[in-house]
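Accompanying notes for the structure given below.
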Amino acid sequence: MNSSHSSAASRSPHTFRTVFPVLALCWLAVFFDGMDVNIYGAVMPHMLDDSGLGLTPATAGTIGSWTTFGMLIGALTAGNLTDWLGRRLMLVTSVTLFSLGSAICAVAPGVGLFGAGRFVAGLGLGGLMPLCLAMVMEFAPPRRAALTTGLLMTSYHFGGMAATGLGLTLAPAAGWRWVFWAGVLPALVAVPLLLKLLPESPGVLLAHGERAKADAVADRYGLPRPTEVAAPAAGAAGRLAAIRALFRPGSRWATPLLWLASFSGLLLVYGVSTWLPQMMRASGYGLNSSISFLMVINAGGIVGLLIAGRAADRFGAVRVSAIWFVLTAAGALLLKSQLPLGVTYAVVAVTGVFLFSAQVMVYAATNTVYRDSERAAGLGWVTGIGRTGAVVGPWLIGVLATNGNQSWGFTTFALAGLVGAVAIALVPLARRIGRSNAPAAPAPVAATVGLS
């Protein structure tokens, strides 16, 4: 009893302040993720003008898809490697990989090696996002999962704005290669901080049989101590069981809808991040204005995530995501029109408010669909399957650009927004149908745990 009282007394309160180190480190990692993803779009107009590189609109779209194909592989395999290495070391590996990919791009003499560099970067980028999301959702204070997820994802857009700033300043002055050299900074800045300061997930520690360490981390950050039910099952059998659990009666219909919404959202995110400057340039805007639209849409994304996180905590992530997808579709259709420059900037900013946070709220919605022991696996698969949309988006717009139909890219974005809205809006109905045919199950717990 005395030991129990002593343990309770030593526990930290579970607030934003106590978990700030974890949130800050994940924020930094995702900042560099956003910078790396947006670097390509920010310098693409300069690369297309570089005759020595040999980049064309068709190959530009293909290389954008190589990046996101690497992200798809990284997202789907990160959970397997986490079983062996732990989440902290996997985050370090992910950051190192996309820094290495950026270095390869900086020295690439032609499109072949450049594309290989983007693929390597994609492997790291794909693993990093689900790891950071799962970590932040695990450490988030009670009933603040959506807000915490939104705060984390603001870093992606600050990173995108940093990439755009480099595209506007460093690329014209020193050449596009120096922008990719800037992408090596994560290995020098973030990796030492992650190794020194980031704790391991209590759920992952428990799955590895390290009960004392799991309890110590939970007590230090004010988290509930993980239980065997909450811990992710290790090994191939555990991973297969986690996947099967996503199709239990209570979630079997909601799971494919979440996948479809994520596909639509990531098609939008990566299609826009890769092609917006070039699409706007083809529409008649100047080079600097076209690149600066990428900064403006990311600035809108930051505002949107802050709004969406609070709105989702109050009204539900599903409802907010559906509305945001519809408003994104409307913004994309407006951008297809030839508007005055000032009006276009305003439309781009407002579209950014809704576009990026619509997808983030799909991630937050997994918190309402899956039980505690399923949630990390569910998030990993929603992220991973959604990456196919990230592959299709840059490739499809590249095909349209090659055929001189870049304006149809905006129509494609609008259709993706409508599909995402319908898919996420149907999730509550799918859950009700599933529950009506299922035996009673324990209520989901607010915490999330390791990536399976």
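Computation of the quantities below employed the complete heavy-atom set of this structure, encompassing side-chain atoms and omitting hydrogens, waters and symmetry-equivalent molecules.
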Under 3.5 Å: donor-acceptor pair, side chain of [X], backbone of [Y]:
X	Y	result
Ser65	Trp395	yes
Thr68	Gly64	yes
Trp275	Pro394	yes
Thr62	Ala58	yes

Salt bridge (Lys or Arg N to Asp or Glu O under 4.0 Å) contacts in which one or both residues fall within [range], not counting sequence neighbours:
range	answer
residues 398-424	none
residues 24-39	Asp36-Arg118
residues 19-30	none

[atom1]/[X] to [atom2]/[Y] distance, rounded to the nearest 0.5 angstrom?
X	Y	atom1	atom2	result
Cys105	Leu113	SG	CG	8.0 Å
Thr411	Leu335	OG1	CG	11.0 Å
Phe20	Leu25	CZ	CG	9.0 Å
Ser264	Leu418	OG	CG	9.5 Å
Leu166	Asn38	CG	CG	11.0 Å

Problem set entry | Working for side chain to side chain contact (heavy atoms under 4.5 Å, CB included), residues Val189 and Phe32 | CA-CA 10 Å; Val189 176; Phe32 285 123; 4.2 Å; yes
Problem set entry | Derivation and outcome, side chain to side chain contact (heavy atoms under 4.5 Å, CB included), residues Phe354 and Val326 | CA-CA 9 Å; Phe354 303 115; Val326 171; over 6 Å; no
Exercise. Within a reach of under 6.0 Å around CZ of Phe69, are more than 12 heavy atoms found that belong to other residues, nucleotides or ligands?
Worked result: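 At most 12 heavy atoms, drawn from other residues, nucleotides or ligands, come within 6.0 Å of this atom.
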For this session: Using the test salt bridge (charged side-chain N to carboxylate O under 4.0 Å, His left out), find all partners of Arg177 that sit at least two apart in sequence or belong to another chain.
Result: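 Here no residue qualifies.
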With sequence neighbours left out, write down each residue that passes side-chain hydrogen bond (donor to acceptor under 3.5 Å, both in side chains) with [X], or none if nothing qualifies.
X	result
Thr351	none
Gln278	none
Thr388	none

If you look at every heavy atom in [X] and [Y], which pair is closest and at what distance?
X	Y	answer
Ile302	Thr154	CG1-O, 3.8 Å
Val382	Thr366	CG2-CG2, 3.9 Å
Pro57	Leu48	N-CD2, 3.9 Å

Exercise. Do any pairs count as a ring pair (Phe, Tyr, Trp, His ring centres under 6.0 Å) and have a residue in residues 149-171, sequence neighbours left out, and if so which ones?
Worked result: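 Those involving residues 149-171 are Trp27-Phe158, His157-Phe356.
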Exercise. Which pairs, with at least one residue in residues 117-136 and sequence neighbours excluded, count as a ring pair (Phe, Tyr, Trp, His ring centres under 6.0 Å)?
Worked result: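 Checked against ring pair (Phe, Tyr, Trp, His ring centres under 6.0 Å) - neighbours excluded - no pair reaches residues 117-136.
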Exercise. Given the rule in the side chain to side chain contact (heavy atoms under 4.5 Å, CB included) test, do Ile39 and Met35 qualify, once you have shown the distances and angles that lead to the verdict?
Worked result: CA-CA 6 Å; Ile39 275 178; Met35 189 175 84; 4.3 Å; yes
Problem set entry | Residues Phe325, Ile424; criterion side chain to side chain contact (heavy atoms under 4.5 Å, CB included); working and verdict | CA-CA 9 Å; Phe325 269 125; Ile424 195 67; 4.2 Å; yes
Exercise. Between Tyr345 and Ser292, do the side chains contain an N or O donor and an N or O acceptor separated by less than 3.5 Å?
Worked result: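 Result is yes, a qualifying pair exists.
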Problem set entry | Parallel, tilted or perpendicular: ring planes of Phe180 versus Phe114, cut at 30 and 60 degrees |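 The arrangement is perpendicular - the two ring planes meet at more than 60°.
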Exercise. Side chains of Gln359 and Leu268: does their closest heavy-atom pair fall under 4.5 Å?
Worked result: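 With C-beta onward as the side chain, the pair stays apart.
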Throw together a table of side-chain donor-acceptor distances under 3.5 angstrom for residues 88-95, partners on residues two or more places apart or in other chains.
from, atom 1, to, atom 2, distance (Å)
Arg88, NH1, Leu195, O, 2.2
Thr93, OG1, Leu89, O, 2.9
Ser94, OG, Met90, O, 2.9

Identify each donor-acceptor pair in which a side-chain atom of residues 315-324 lies under 3.5 Å from a protein atom, sequence neighbours left out, and give them as a table.
from, atom 1, to, atom 2, distance (Å)
Ser321, OG, Ala358, O, 2.9
Trp324, NE1, Ser357, OG, 2.8

Exercise. Which pairs with one or both residues in residues 44-57 pass side chain to side chain donor-acceptor pair (under 3.5 Å), sequence neighbours excluded?
Worked result: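 Non-adjacent pairs meeting side chain to side chain donor-acceptor pair (under 3.5 Å): Asp49-Arg281, Asp50-Trp176, Thr56-Thr59.
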